[in-house]
J.: 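Sharing a structure here in structure tokens format.
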Number of protein chains: 2
Amino acid sequence: MALFLSTHTNKIDKKGRVSVPARFRSILTERGYGAIVLFPSFEGNAINACDMGVMEGLLERIGGFDPFSEDRESDADVLMAEATELPIDGDGRIIIPLTMLEQLGIEGECIFAGRGDSFQIWRPADFEDRMKAVKERARLKRSSGGSLGGANNE
Amino acid sequence: MALFLSTHTNKIDKKGRVSVPARFRSILTERGYGAIVLFPSFEGNAINACDMGVMEGLLERIGGFDPFSEDRESDADVLMAEATELPIDGDGRIIIPLTMLEQLGIEGECIFAGRGDSFQIWRPADFEDRMKAVKERARLKRSSGGSLGGANNE
DNA sequence: TGGGATTACATGGAATATCATGGAAATATT
DNA sequence: AATATTTCCATGATATTCCATGTAATCCCA
């Protein structure tokens, strides 16, 4: 399956519209989706983006609606409440909810960063910072004999 | 299947009418329903909302009517007794029973919060509180190796 | 392998449609 | 008849669709 790779910087116009990178769009289409789902990253410094299939899988894992069960993860509920499904318009654009943009201080442009099976949206300055940090961490790990350091998480 | 995602804040007019978010309506229509079922949440601080199909599935899991069985949970009976089916009018609105609104102290406006296969209706202030609380809990859990496997990892 | 032609893409603005919401009219209830 | 409930209509705000354009990438053929 095709993966979301590379990073792209696109502009956000005054109506809040942003072009989803063409390559990302084609991957979504390939998977059968014409919309993307956004939700805040756990750390709160980026937006996670995936397709509806990922959300459905998540719901399946936490179990369906059961009003008597206490064990349904309440953080999963928050996730569902904070997530939004955005249709991709005829020109390949989405409108990122203002609340998300404000939360991250995104203005004017943003970065789409591939993550393999999903991707993230960043404020350019924050993304650079993070890249630096991750590279530095990888360098340290390498000198102490790590294995393929950043391949999985973060 | 489309999921109920995101949160919407809508006004309740003096006649008690509230617009069901258009996206939620379209999902219900997609599933073949023109009405929604409401009943108090277990914790009592929100209203659960779903379609009749979900209620039927719920009943099935609980166990249908059996005059010789005592083991059917009385909770289930209460649930069915407290539930009401509300038609969605031509403009996409419902009228939430006054008793429910009073119980929750809802006045003027309410929040529709997606939960995947269902959604909830909240008093805005209570919803915010809950979001904060759950996020905090998730943060703590995470620092000590929480669940929800990489789905919400940064 | 240049370099011109063509296409794909991101972006801006304008036209159009949808949505939430308030009030009035019509219908039902008692 | 009086009141409550439901249906219908109007409207401002918001979101979506449509079209135009500059630019960058790709193609193509001499």
Side-chain angles (χ1 to χ4, degrees), chain A residues 2 4-30 33-38 47 49 52 83-102 106-114 119 121-124 127, chain B residues 2 4-30 33-36 38 49 84-102 106-114 119 121-124 127:
Chain A
F4 296 104
L5 298 177
S6 169
T7 74
H8 310 259
T9 306
N10 284 345
K11 293 194 179 153
I12 304 174
D13 69 20
K14 46 195 158 193
K15 282 200 243 169
R17 297 178 301 183
V18 207
S19 287
V20 176
R23 180 71 191 122
F24 286 11
R25 261 150 43 202
S26 75
I27 293 173
L28 289 166
T29 304
E30 211 171 273
Y33 297 100
I36 67 180
V37 176
L38 300 189
I47 299 169
M52 188 54 90
T84 64
E85 183 182 17
L86 303 180
I88 298 175
D89 73 21
D91 300 324
R93 289 181 280 200
I94 57 172
I95 296 181
I96 304 175
L98 206 61
T99 53
M100 286 190 182
L101 296 179
E102 282 171 351
I106 294 177
E107 218 170 318
E109 62 177 17
C110 65
I111 285 183
F112 291 78
F119 60 91
I121 297 173
W122 287 81
R123 187 173 74 119
F127 184 71
Chain B
F4 295 104
L5 298 179
S6 176
T7 76
H8 310 259
T9 305
N10 284 346
K11 295 195 177 149
I12 304 174
D13 68 20
K14 44 196 159 191
K15 285 196 236 171
R17 298 177 300 182
V18 206
S19 288
V20 176
R23 181 71 190 120
F24 286 10
R25 263 151 41 202
S26 75
I27 292 173
L28 290 167
T29 304
E30 211 172 273
Y33 297 99
I36 66 180
L38 300 189
T84 58
E85 184 182 17
L86 302 181
I88 298 175
D89 73 20
D91 298 325
R93 289 181 279 202
I94 56 173
I95 296 181
I96 303 174
L98 206 60
T99 53
M100 286 189 181
L101 296 179
E102 282 171 350
I106 294 177
E107 218 170 316
E109 61 178 17
C110 65
I111 285 183
F112 292 77
F119 59 92
I121 297 173
W122 287 81
R123 188 173 73 115
F127 182 72

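The analysis underlying the following values was restricted to heavy atoms, covering all of them including side chains, and did not include hydrogens, waters or symmetry mates.
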J.: Work out which heavy atom in A:R17 is nearest to a heavy atom in A:R93; give both atom names and the distance.
T.: NH1-NH2, 3.5 Å
J.: To the nearest 0.5 angstrom, please state how far the CD1 atom of A:I12 sits from the CD1 atom of A:I96.
T.: 5.0 Å
J.: Of all residues at least two apart in sequence or in a different chain, which pass the salt bridge (Lys or Arg N to Asp or Glu O under 4.0 Å) check with B:R25?
T.: none
J.: Do B:I121 and B:M100 have side-chain heavy atoms sitting under 4.5 Å apart?
T.: no
J.: Starting at CD1 of B:I96 and ending at C1' of D:dT5, how long is that distance when rounded to a whole Å?
T.: 17 Å
J.: Kindly write out the residues that satisfy side-chain contact (heavy atoms from CB on, under 4.5 Å) with A:F127, not counting sequence neighbours, or none if the list is empty.
T.: A:T7, A:I111, A:A113, A:W122, A:M131
J.: Could you check how far NE2 of B:H8 sits from C1' of D:dA15, rounded to whole Å?
T.: 14 Å
J.: Expressed in angstrom and rounded to an integer, what is the separation of A:K11 atom NZ from D:dT21 atom C1'?
T.: 14 Å
J.: Is there side-chain contact between A:L86 and A:I95, with at least one heavy-atom pair below 4.5 Å?
T.: no
J.: Rounded to the nearest 0.5 Å, what separation is found between the CD1 atom of A:I47 and the SG atom of A:C110?
T.: 7.5 Å
J.: Could you tell me the boundaries of the chain A footprint on DNA chain C, defined by atoms under 4.0 Å from its heavy atoms?
T.: C:dC9 to C:dA14
J.: Once each nucleotide of nucleotides 6-13 of chain D is scored for protein heavy atoms under 4.0 Å, what B/S/- sequence comes out, 5' to 3'?
T.: BBBB----
J.: Output the rounded distance in Å from CG (A:L86) to P (D:dT17).
T.: 13 Å
J.: Please report how far the helix from C:dT1-D:dA30 to C:dT30-D:dA1 bends, comparing the axis fitted to its first five pairs with the axis fitted to its last five, to the nearest 10 degrees.
T.: 40°
J.: Can you tell me how far the CZ atom of B:R123 sits from the CD atom of B:E109, to the nearest 0.5 Å?
T.: 11.0 Å
J.: Please give, in whole Å, the distance from D:dT14 P to B:N10 CG?
T.: 13 Å
J.: Base, sugar-phosphate, or nothing: which does A:R25 touch, judged by heavy atoms less than 4.0 Å apart?
T.: sugar-phosphate
J.: Please identify each residue that fulfils salt bridge (Lys or Arg N to Asp or Glu O under 4.0 Å) with B:D89, with sequence neighbours left out.
T.: none
J.: I need the B:F24 CZ to B:F119 CZ distance, nearest 0.5 Å.
T.: 6.0 Å
J.: Salt bridge between B:D13 and B:K15, side-chain N to carboxylate O under 4.0 Å?
T.: no
